[in-house]
Amino acid sequence: MFLTKNKAFFYLKNNYYILNTENGALIKLDKNSYEHLKNKNIKKLSNEEVNILRKNGFIIDKNEYNNFYFNNRNNYLISKHLKSDSLKIDIAVTNKCNFSCTYCFEKENLNNYINVNEKTKNEFRKNLSDYINNKIKNNNLKKITIVWYGGEPTLEYDFINKINKEYYELGKEKDIEFNNIIISNGYLINDKFISELKKYNTSYIQITLDGEKDMHNHRRKLKSNKGTYNQILNNIEKLISNKIETVIRINIDKENFKQVNNLIDTINKKFSKFVGKYLFIDLSRVFGSEYSYTNYEFKDIKNNFTHKLFKYKFLEPIISNNGVNAFCSAECDNDDLVIDIFGNVYKCWNYVYEKDKAYTTLKEIIDNDFKIISRNKNRLDYVEKASLLTVNEGECLSCEFLRYCKGLCPDQRKRMIEGYEENIYKNDKCKEIVYSYIESNIKEILSY
Ligand code: SF4
Ligand code: SF4
């Protein structure tokens with residue numbers, strides 16, 4: 001009889017709880033049982049307590065206990081290398097943008113926008129089609145997802161519509177589910193675009209608002225300096241009235257954090273009947289600006305606002321998880337791609353249009369009989385160097401919280417290795433962040 005390593009204790013409003021971080025089971029404990037469990041003194045528990053704990057996966061047999069690390073490692077490696085029956089292609093369709101945001105990570109590109117001619121677009125379309133059709137033939141695909149982003153993807157919305165239509169129809173013909181997601185600043189959404197989104201299975205559109213009117217307009221303005229807040233709010237209203245799921249992204253740093261509470265109130269008041277149905281809010285940390293919070297600092301900021309999102313039902317609290325798997329395709333050796341309109345293929349979203357960060361091109365993959373030439377540094381930096389087998393000295397694969405945080409975003413791992421970001425693996429700061437995230441969800445579920 002062994003106590004699982006996949007557990008965490010919580011003390012909330014004078015009550016003790018134990019959470020199974022593998023299956024999400026949560027049990028309230030009296031003080032004695034808590035002490036026994038904390039000290040791994042299972043023998044002191046009553047038979048009834050042992051039975052309940054066993055039923056909920058807290059008490060396991062020796063084999064399972066000893067295989068803790070190997071099971072995590074195997075599941076992680078399978079998800080990293082498995083060629084699955086779903087394919088995700090992230091397309092940075094342009095590097096142009098109609099905004100000039102104060103913190104934009106593409107700042108250096110502002111004077112470096114690339115005009116793309118029809119020939120390049122047609123070539124991209126043809127190569128993409130060859131690639132996807134090859135995967136349909138060889139991987140028995142059941143699902144294709146395209147994520148459109150940029151720059152600002154709506155600057156190319158005719159092109160987006162054409163490709164969405166192509167794969168929507170192909171999906172119908174071959175019985176493959178096609179869906180797409182659009183990451184936009186929300187300024188150019190018009191009725192025509194909305195009707196196309198409805199036709200071709202857009203799962204959701206993500207739009208950024210960074211504060212109430214003045215703050216948003218200061219941070220996210222047009223190139224001409226004109227504010228964008230009113231028009232974006234009108235467009236969000238159009239989208240949700242047309243039953244298109246919309247996620248409002250709020251990028252938070254030290255400049256705008258005081259506004260976030262009021263912004264959430266305003267959105268809730270204005271769109272209350274759509275909240276939790278078609279309208280959701282996602283909070284994100286601004287990285288790399290002079291006002292940025294560190295990951296650790298952001299923990300309490302995010303938890304505070306998350307509480308408000310729960311209250312209004314922009315978010316549902318959740319303590320379950322979806323198992324041990326890779327964080328995103330950047331660390332995977334699968335067929336998913338992150339590409340720009342020239343067909344350059346990257347590992348991470350953050351570096352599109354930085355050609356020296358690409359690891360291959362669509363054309364090169366096609367010419368190589370649809371196989372990726374794997375030994376390229378830009379690729380190995382994510383697949384091997386940032387792998388959970390090596391970062392944090394492999395400790396993540398023995399961590400009780402692995403299923404919740406997946407060992408952090410691979411690009412963050414890489415930045416920590418290279419010293420560009422605070423190393424939150426040190427002193428278990430990462431565990432504190434995950435613990436407090438789970439705790440705030442439990443509090444909400446118990447309505448504390
Ligand atoms: S590595 Fe991180 S930033 Fe890059 S695509 Fe994956 S989740 Fe996004
Ligand atoms: S990042 Fe930290 S909390 Fe997450 S799995 Fe690794 S050690 Fe655990």
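Quick caveat, the model's predicted, so the values are computed rather than measured. Ligands are counted one by one from 1 in listed order, and the atoms in each one are counted from 1 as well.
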Do [X] and [Y] sit within salt-bridge range, that is, some charged N less than 4.0 Å from a carboxylate O?
X: K88; Y: D90; value: yes
X: R403; Y: E22; value: yes
X: K165; Y: E196; value: no

Checklist entry - According to the interplanar angle, ranging from 0 to 90°, do the rings of F401 and Y435 count as parallel (below 30°), tilted (30 to 60°) or perpendicular (above 60°)? => result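 Aromatic pair F401/Y435 classed perpendicular.
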Checklist entry - Is the number of heavy atoms from other residues, nucleotides or ligands under 6.0 Å of F9 CZ greater than 12? => result yes
Do me a favour and list the nearest non-hydrogen protein atom to [atom] with residue, atom name and distance?
atom: atom 2 (Fe) of ligand 1; answer: C409 SG, 2.4 Å
atom: atom 1 (S) of ligand 1; answer: D411 N, 3.3 Å
atom: atom 5 (S) of ligand 1; answer: W349 N, 3.5 Å

Item to check | Region of C348 that comes within reach of ligand 1 [heavy atoms, distance under 4.0 Å] | outcome: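 Both backbone and side chain.
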Checklist entry - Would you call E395 a ligand 2 contact, heavy-atom distance under 4.0 Å? => result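 For ligand 2, residue contact (heavy atoms, under 4.0 Å) with E395 is absent.
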Next on the checklist: I need the atoms of ligand 1 closer than 4.0 Å to a non-hydrogen atom of F327, numbered in the order shown.
Outcome noted: 7 (S)
Item to check | Cationic tip of K377 above Y359 ring, under 6.0 Å, 45° of axis | outcome: no
Next on the checklist: Tell me whether the NZ or CZ atom of K429 lies within the 45° cone about the ring axis of Y296 and under 6.0 Å from its centre.
Outcome noted: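 The answer is yes; both the distance and angle limits are met.
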Next on the checklist: Tell me whether atom 2 (Fe) of ligand 2 has C430 as a neighbour, meaning an N, O or S atom of it below 2.8 Å.
Outcome noted: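 True for C430.
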Under 4.0 Å from any heavy atom of [X], which atoms of ligand 2 are there?
X: V434; result: 3 (S)
X: L402; result: 5 (S)
X: C405; result: 1 (S), 3 (S), 4 (Fe), 5 (S)

Checklist entry - Using heavy atoms and a threshold below 4.0 Å, how should the contact between D428 and ligand 2 be classified: side chain, backbone, both, or neither? => result neither
Item to check | Under-4.0 Å heavy-atom contact with ligand 2, by part of Y425 that carries it | outcome: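 Only the side chain of Y425 comes within reach of ligand 2.
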Checklist entry - How far apart are the closest heavy atoms of R413 and L388, and which atoms are they? => result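 Scanning both residues completely, I find the closest heavy atoms to be CZ-CD2, 3.5 Å.
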Checklist entry - atom 6 (Fe) of ligand 2: which of G394, C396, C399 has the nearest heavy atom? => result C396
